[in-house]
*Asks:* 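Got a structure here, written out as structure tokens. Questions coming.
If you read the sequence from its start, that first residue is 1, and numbering goes on from there. Atoms within each ligand, like the ligands themselves, are counted from 1 in listed order.
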Amino acid sequence: MKPLRITVWGENVHEHQHPAVAAVYPKGMHTVIAEGIRELLPTAQVTAVTLQEPEHGLTEERLARTDVLTWWGHMAHAQVEDRIAERVQKRVLEGMGLIVLHSGHYAKVFKRLMGTTCSLTWREADERERLWVCNPGHPIAQGIDRYFELSAEEMYGEPFGVPPPDEQVFISWFEGGEVFRSGCCWTRGNGRIFYFRPGHETYPTYYDKNVRRVIANAAEWARPQGTWIDSCLNAKVPPEKISPKSR
Ligand code: ZN
């Protein structure tokens, strides 16, 4: 099997504006997310790109060489150009995998692909999160126990304004009492999409071994199963003869 080509997209803004975030991710969240994938998928080709690069690092060439794209964004969703969001959406429909992390629920790319508000309930209160595996046989849950915990995270709660997932892999419980569908799978066109909730910028979540395992598993799961470049074919020559009709 060909090496998996993974592009890690990072907004890379909080890290430069908020000292508390820079303290946790001095080289940016994208570098730590990429490191985690490299650690667990040593044969994968992992490249990190950021919003600040030309075309946000998501040129036609880059996307053509991407099997799976991961997306972390928050405060600069609006700075992502519509034409780039459309380009990513098109690649997902063609077959590229997409892993949307945490506050990426409001990314243009995710909202376009879901077609819904993607809204949720939230609270920043330093609370414990327990992620329950609800589908132990799913490829994304491999290597994870019945559940795992993060000692402090932001809370995301229901209702989550997404279409019903095709497959539910994780459900989170929070110390304050809320629950949330924290690991969800969809297919759009030929592309597989996984949304994974944890990853607030002030917490060391992307160093956590279980979080890293889930993201690496998801990258493998989201590998393109096939590619269809849509051309809206006008099949002028039919495969069989059409007999003339008398009217
Ligand atoms: Zn957050």
Side-chain angles (χ1 to χ4, degrees), residues 8-37 48-52 56 69-80 85 98-114 116-132 147-162 165 169-184 193-215 218:
V8 173
W9 190 85
E11 178 183 275
N12 193 34
V13 176
H14 285 280
E15 296 93 320
H16 299 282
Q17 295 190 3
H18 302 131
V21 179
V24 183
Y25 297 104
K27 292 181 186 166
M29 302 176 78
H30 52 285
T31 61
V32 175
I33 293 167
E35 273 169 25
I37 297 172
V49 299
T50 62
L51 173 70
Q52 294 77 27
H56 313 326
L69 175 68
T70 76
W71 192 282
W72 194 100
H74 181 226
M75 63 190 295
H77 289 319
Q79 291 177 35
V80 174
L98 177 68
I99 300 171
V100 175
L101 300 167
H102 188 63
S103 40
H105 71 93
Y106 263 164
K108 285 182 181 179
V109 165
F110 189 59
K111 288 167 72 175
R112 276 170 173 266
L113 285 160
M114 294 294 110
T116 52
T117 63
C118 300
S119 174
L120 46 77
T121 305
W122 61 284
R123 170 173 67 235
E124 289 186 47
D126 252 348
E127 60 199 283
R128 187 155 52 98
E129 174 177 9
R130 182 179 297 148
L131 291 100
W132 286 97
Y147 63 84
F148 70 95
E149 291 191 346
L150 299 166
S151 58
E153 253 292 351
E154 179 182 14
M155 185 282 292
Y156 278 7
E158 297 286 340
F160 187 16
V162 289
V169 187
F170 298 101
I171 290 177
S172 284
W173 166 88
F174 292 87
E175 202 173 343
E178 282 90 349
V179 296
F180 185 74
R181 290 170 287 171
S182 53
C184 308
I193 301 169
F194 182 62
Y195 173 81
F196 189 44
R197 195 219 77 85
H200 188 64
E201 64 272 7
T202 55
Y203 299 113
T205 299
Y206 293 118
Y207 297 93
D208 181 86
K209 69 174 175 40
N210 290 306
V211 168
R212 286 184 164 199
R213 170 55 65 194
V214 170
I215 294 172

*Asks:* Got a donor-acceptor contact below 3.5 angstrom from the Glu201 side chain to the Glu15 backbone?
*Replies:*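 A pair under 3.5 Å: no.
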
*Asks:* With rounding to the nearest 0.5 Å, note down the distance linking CH2 in Trp9 to CG in Leu98.
*Replies:* 11.5 Å

*Asks:* Would you check if the side chain of Glu158 reaches a backbone N or O of Val179 as a donor-acceptor pair within less than 3.5 Å?
*Replies:* no

*Asks:* Would Arg197 count as a cation-pi partner of Tyr156, with NZ or CZ less than 6.0 Å from the six-membered ring centre and within 45° of the ring normal?
*Replies:* yes

*Asks:* Side-chain polar contacts of residues 171-178 - donor-acceptor pairs under 3.5 angstrom, sequence neighbours left out - could you list them?
*Replies:*
| from | atom 1 | to | atom 2 | distance (Å) |
| --- | --- | --- | --- | --- |
| Ser172 | OG | Glu129 | OE2 | 2.5 |
| Ser172 | OG | Ser182 | OG | 2.8 |
| Glu175 | OE1 | Arg128 | N | 2.8 |
| Glu178 | OE1 | Arg123 | NH1 | 3.4 |
| Glu178 | OE1 | Arg123 | NH2 | 2.7 |
| Glu178 | OE2 | Arg123 | NH1 | 3.0 |

*Asks:* Listing by chain and number, which protein N, O or S atoms are under 2.8 Å from the Zn ion (ligand 1)?
*Replies:*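 Per the 2.8 Å query on the Zn ion (ligand 1), atoms found are His102 NE2, Glu154 OE1, His200 ND1.
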
*Asks:* Take a 6.0 Å sphere around CH2 of Trp132 and say whether it holds more than 12 heavy atoms from other residues, nucleotides or ligands.
*Replies:*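 Enclosed: over 12 neighbouring heavy atoms sit under 6.0 Å from CH2 of Trp132.
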
